[in-house]
Amino acid sequence: MTQGADWRPGAARAQLVARARLLARIREFFAARAVLEVDTPFIVNAAVSDVHIHCARVELMPEAQGVPAARLFLQSSPEYAMKRLLAAGSGDIYQVCHVARALESGRVHNPEFTLLEWYRVGFSLEALMDEVELLVRELTGDPLAAERLTYREAFLRELALDPFAATQAQLAQAAAPLALHPGPLDRDGHLELLMGALVGPRLGLKRLTFVHGYPASQAALARLDPADPRTAERFELYGRGIELANGFHELTDPRQQRARFEADNAARGRAGLPAQALDERLLAALASGLPDCAGVALGLDRLLMLATGASHIEEVLAFPTRRA
């Protein structure tokens with residue numbers, strides 16, 4: 001695009017109309033199920049500790065309520081704030097919001113993007129997958145029922161590799177054709193590389209695909225499966241080789257959550273990244289009693305790509321970050 005046309009939006013008017021209709025249908029979907037729409041802050045006091053997520057720091061004028069600028073970040077997800085609402089008795093909730101993640105740019109990545117996140121009290125992971133499938137198929141017009149694979153089944157089908165039994169050397173050998181040279185990787189690093197670069201892009205090509213039963217080491221904020229403690233009660237949804245959603249049967253134990261945050265910070269240290277201060281407000285909310293619930297984050301821009309046939313995320317954004 002020439003400099004003189006740089007002011008123009010990335011999305012055509014038809015895409016703007018499609019986004020507006022998508023948002024209206026989402027609100028109708030949750031209103032019919034008495035799920036409350038909420039709105040939480042975009043500027044937050046704690047960044048996530050996940051080693052793979054880079055939070056964008058915010059600088060405010062020093063006199064802004066006396067809050068040190070170094071403590072503020074743009075939210076990478078509304079999860080922590082929404083769990084505080086759940087602990088306070090909100091009941092079922094959803095939110096459509098902008099989030100920001102540094103170092104993310106590409107065909108399906110923009111540093112600022114839109115999430116639909118929702119939590120259902122008393123839902124199992126299977127019940128949440130049912131609801132996610134119902135909503136996504138309604139929004140995209142997909143007539144085919146989704147397939148559901150375990151993480152192990154997905155690796156065996158696409159790479160003939162058992163992710164739980166394979167050695168480090170076997171994982172490295174499977175990743176060798178990528179020739180990415182990402183530096184030394186631990187077991188989870190290899191698995192995440194293989195899922196992101198080889199397994200995931202082959203999923204959801206003919207119909208939506210759920211992958212569940214992730215390794216326990218990748219549980220993030222999910223519970224471990226009591227029937228198989230090697231795995232977490234977590235799923236991801238793929239469509240046309242693109243990850244659309246990430247869902248958990250949520251961890252409610254504050255001690256386990258604190259231990260996971262501390263383990264994240266240890267991993268950040270090994271990777272040469274700064275440690276993140278723990279979100280003590282979230283941990284206090286968990287200690288007060290988070291109800292048994294399942295939650296999911298769904299990327300709306302990617303879903304709009306799927307619904308409209310767009311090939312690049314900038315086609316569905318009014319103004320991508322590079323021209324914002």
Side-chain angles (χ1 to χ4, degrees), residues 1-3 5-27 42 48 50 52-56 73-79 94-118 132-133 135-142 146 178 180 192-193 195-211 235-247 296-324:
M1 182 175 290
T2 63
Q3 185 173 1
D6 196 53
W7 65 270
R8 300 191 64 84
R13 187 178 188 280
Q15 289 285 8
L16 301 179
V17 171
R19 179 181 288 269
R21 288 176 176 167
L22 191 80
L23 291 170
R25 290 166 70 187
I26 286 168
R27 289 188 164 95
F42 185 43
V48 299
D50 190 316
H52 301 292
I53 296 178
H54 302 274
C55 293
F73 301 87
L74 297 181
Q75 68 171 356
S76 60
S77 163
E79 179 169 5
Y94 81 98
Q95 181 170 188
V96 176
C97 62
H98 282 223
V99 299
R101 297 183 185 181
L103 307 182
E104 296 200 7
S105 183
R107 186 177 75 86
V108 297
H109 292 92
N110 188 67
E112 180 183 358
F113 57 99
T114 305
L115 274 184
L116 165 62
E117 188 150 334
W118 76 95
V132 171
E133 179 178 353
L135 175 62
V136 171
R137 288 179 60 195
E138 179 180 316
L139 295 176
T140 61
D142 191 334
L178 297 171
L180 295 178
E192 290 178 355
L193 175 62
M195 172 57 86
L198 293 178
V199 178
R202 302 175 187 177
L203 301 177
L205 301 184
K206 295 181 179 179
R207 55 178 173 153
L208 295 168
T209 300
F210 285 95
V211 178
F235 70 79
E236 289 187 333
L237 175 64
Y238 287 83
R240 282 193 353 218
I242 299 172
E243 178 202 337
L244 299 173
N246 189 16
V296 60
L298 174 66
L300 275 193
D301 308 303
R302 293 181 180 184
L303 184 64
L304 191 57
M305 289 176 64
L306 197 68
T308 63
S311 60
H312 198 289
I313 196 169
E314 292 193 0
E315 296 174 43
V316 300
L317 299 175
F319 297 105
T321 299
R322 66 185 181 89
R323 290 194 289 113

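Quick note: residue numbers are just sequence positions, from 1. Hydrogens, waters and symmetry mates play no part in the numbers below; they use all other heavy atoms, side chains included.
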Does any part of the side chain of [Y], heavy atoms only, come nearer than 4.5 Å to the side chain of [X], both counted from C-beta?
{"X": "P78", "Y": "L115", "value": "yes"}
{"X": "D301", "Y": "N110", "value": "no"}
{"X": "H109", "Y": "I313", "value": "no"}
{"X": "L303", "Y": "L116", "value": "no"}
{"X": "L298", "Y": "L244", "value": "yes"}
{"X": "D142", "Y": "V136", "value": "no"}
{"X": "P9", "Y": "Q15", "value": "no"}
{"X": "M195", "Y": "E243", "value": "no"}

How long is the gap from [atom1] on [X] to [atom2] on [Y], to the nearest 0.5 Å?
{"X": "L203", "Y": "L198", "atom1": "CG", "atom2": "CG", "value": "11.0 Å"}
{"X": "L208", "Y": "R240", "atom1": "CG", "atom2": "CZ", "value": "11.0 Å"}
{"X": "R322", "Y": "L317", "atom1": "CZ", "atom2": "CG", "value": "10.5 Å"}
{"X": "F319", "Y": "E314", "atom1": "CZ", "atom2": "CD", "value": "12.0 Å"}
{"X": "E117", "Y": "N246", "atom1": "CD", "atom2": "CG", "value": "9.5 Å"}
{"X": "E112", "Y": "T114", "atom1": "CD", "atom2": "OG1", "value": "7.0 Å"}

Discussion item. Quick one, V296 with F235, criterion side chain to side chain contact (heavy atoms under 4.5 Å, CB included). Give me CA distance, side-chain angles, the key distance, then yes/no.
Written reply: CA-CA 9 Å; V296 60; F235 70 79; 3.9 Å; yes
Discussion item. With a sphere of 6.0 Å drawn around CZ of R27, does it hold more than 12 non-hydrogen atoms of other residues, nucleotides or ligands?
Written reply: yes
Is the backbone N or O of [Y] less than 3.5 Å from a side-chain atom of [X], with the two atoms forming a donor-acceptor pair by type?
{"X": "R19", "Y": "L304", "result": "no"}
{"X": "E315", "Y": "A310", "result": "no"}
{"X": "R101", "Y": "S76", "result": "yes"}

Worksheet item: Hey, mind stepping through L139 and L306 against side chain to side chain contact (heavy atoms under 4.5 Å, CB included) and telling me if it holds?
Response: CA-CA 10 Å; L139 295 176; L306 197 68; over 6 Å; no
Worksheet entry | Test log, rule side chain to side chain contact (heavy atoms under 4.5 Å, CB included), inputs V132 and W118 | CA-CA 10 Å; V132 171; W118 76 95; 3.6 Å; yes
Item to complete: Over all heavy atoms of both residues, which pair between L16 and A318 is shortest? Give the atoms and the distance, please.
Response: CD2-CB, 4.3 Å
Worksheet item: Between G204 and T209, which heavy-atom pair has the shortest distance, and what is it?
Response: N-OG1, 3.1 Å
